[in-house]
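Okay, so here's the structure we're looking at.
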There are 2 protein chains.
Amino acid sequence: MDALKTVKTTARPIRRSTLHHSAVAELRAMILDGELPPGVRVPEVQLCEQLGISRTPLREALRVLSSEGLVELRPHRGAIVAPVDPNEIAAIFEVMDALERLAGTLACKNGLDTEFAKLDRMHDQLVAQHEAGERAAYFLTNRQIHAQIVAMARNPALEATYGGFATKILRARSLANYDAGRWQESVDEHEVFMTALRRRDAEEFGALLADHSRRTAVAVIQALQPVRAP
Amino acid sequence: MDALKTVKTTARPIRRSTLHHSAVAELRAMILDGELPPGVRVPEVQLCEQLGISRTPLREALRVLSSEGLVELRPHRGAIVAPVDPNEIAAIFEVMDALERLAGTLACKNGLDTEFAKLDRMHDQLVAQHEAGERAAYFLTNRQIHAQIVAMARNPALEATYGGFATKILRARSLANYDAGRWQESVDEHEVFMTALRRRDAEEFGALLADHSRRTAVAVIQALQPVRAP
DNA sequence: CCGTGCCAAATTGTATACAAAATAATGATC
DNA sequence: GATCATTATTTTGTATACAATTTGGCACGG
């Protein structure tokens, strides 16, 4: 048929050849891993030789991360890794609840059968990892499940916004000692909203997801308090 | 009057001394005003002499606008003003509906009495401008009303996200010939949700705002179609 | 006449050099 | 001895120069 065009824009074959692009990825990872803790100044030259690049691409990367909210730029005074403000996290979760609800509703409506099946498998894996006490693996699967739900919503704007908030929340989580008691609760909630998902009950699924998000918020923020007791 | 300072700090006394910061503002305005239409290539050197700056701050500005979604960066192939894709706008509105609902609900809960009164005054102004047929002024007031509602929600994350989407929607609106018949309808909807607001009925107000957003979406997307008829 | 390969021009990506501002460090004065 | 002013150092902001990649054109061969 149309074998004319082999162009095949395969979504993103774009090679990340540019240094500032890799620098963004690298710095973001460093911030998320806690290698660059919140509040620390980020001397440009030092990071330059650490990453083996020049100041130009590094500065471009810092500007991007700034507009993502991961670093703060003070004119003529250098950049600092954005501090994790519990109030800001609370605000983010407030929006996140709404996004989760929307994602759940849309996912029910727009998801493919294969995707629903995949979610089921991921959920089984999640439960298994919980029972096995594999904390790190559990968190990864958990994130993947929510990412999958968002992907099934078929809404790029939602996906991007969700991803940005998820990044910040992830950083807050890694800083706070997540309450162990919340773990079982969280798994239970997963169990419940999965039943709604299997019924393809869009409204209910969305509502349960929002609820799950809200409870997670409470736990995370509570775990965050000791760090910044007033 | 206040002839002392025309600075007009608006919550941010930070002097925009850096060139790349002003470049971001300048370019964003140029894109929103349609001076840089969607899809056009953006030769760096040309813009440089046009803005009277060097390539370094300009490139930093382009990276920021890229992460805002206003320009697209193709590695080694230059930057283009992001095209306005009706599908993307539809997706954005889908999220926007949820944000409007959230904003409305929170505004009812967290708004101050003086702010509610201010909204009332703005609404009166809106109606007057509609009756006077002052289209441009009406649109401005309309935006200000929604911005005020969002501000009353007391949620910076919501405000930032809302603002980003509003920018893109604004650009889509300016491109499309907004349907005249929708005007009266829109005013009527404002009238309705203002009554819910005066009752401080958070849920109802949020629902009506979301509804208003959804109807606006339909009108804007419809007006956008002729541009990209297949 | 059309396709392929190579070369040249233009444009982007990166590095470095210079200018301006902020922080520190020092010394003078009270 | 402490505080303020002034200077020196460091760090950021900007400009320019150089390297790498893409794009358009041209010649050559089919």
*Distance only, no hydrogens: is a donor on one side chain within 3.5 Å (strictly under) of an acceptor on the other, for B/Thr56 and A/Arg59?*
no
*In whole Å, what is the span from the CZ atom of B/Arg74 to the C1' atom of C/dT11?*
12 Å
Close N/O contacts between protein and nucleotides 23-25 of chain D (under 3.5 Å):
residue	atom	partner	partner atom	Å
D/dT23	OP1	B/Arg77	NE	2.8

*Hey, does the side chain of A/Arg41 come within less than 4.0 Å of D/dT12's phosphate (OP1/OP2), counting only N and O?*
yes
*Go through the structure and list residues passing salt bridge (Lys or Arg N to Asp or Glu O under 4.0 Å) with A/Arg135, not counting sequence neighbours.*
none
*Are the side chains of A/Glu115 and A/Leu112 in touch, meaning some heavy atoms are under 4.5 Å apart?*
yes
*Measure the distance from CZ on B/Arg55 to C1' on C/dA15 and round it to the nearest whole Å.*
12 Å
_Under 4.0 Å, heavy atom to any atom of DNA chain D: which of residues 45-54 of chain B qualify?_
B/Ile53, B/Ser54
*How close or far is atom P of D/dT11 from atom CG of A/Leu73, stated in whole angstroms?*
17 Å
*Looking at residues at least two apart in the chain, or sitting in another chain, which of them share a side-chain contact (heavy atoms from CB on, under 4.5 Å) with B/Glu68?*
B/Arg28, B/Val64, B/Leu65, B/Leu70
_Distance check needed: D/dA20 C1' versus A/Leu19 CG, whole Å only._
11 Å
*side-chain contact (heavy atoms from CB on, under 4.5 Å) against B/Ala90, all qualifying residues, sequence neighbours excluded*: B/Ile221
*Should B/His20 be listed as having a side-chain N or O under 4.0 Å from OP1 or OP2 of D/dT14?*
yes
*Who pairs with A/Glu26 by side-chain contact (heavy atoms from CB on, under 4.5 Å), at least two apart in sequence or on another chain?*
A/Met30, A/Leu51
*Contacts of type salt bridge (Lys or Arg N to Asp or Glu O under 4.0 Å), residue A/Glu134, not counting sequence neighbours*: none
_Any residue meeting salt bridge (Lys or Arg N to Asp or Glu O under 4.0 Å) with A/Arg171, in chain and number order, not counting sequence neighbours_ = none
*Please name all residues satisfying side-chain contact (heavy atoms from CB on, under 4.5 Å) with A/Glu49, sequence neighbours left out, ordered by chain then number.*
none
*For A/Phe93, ring-ring contact (aromatic ring centres under 6.0 Å, His included) partners two or more places apart*: none
*Taking CD from A/Glu44 and P from D/dG13, how many angstroms apart are they, rounded to a whole number?*
6 Å
*asked:* Just to verify, what does A/Asp113 make a salt bridge (Lys or Arg N to Asp or Glu O under 4.0 Å) with, not counting sequence neighbours?
replied: A/Arg200
*In residues 56-64 of chain B, which residues come under 4.0 Å of DNA chain C by heavy atom?*
B/Arg59, B/Arg63
*Nearest whole angstrom, please: distance from the P of C/dT12 to the CD of B/Glu72.*
16 Å
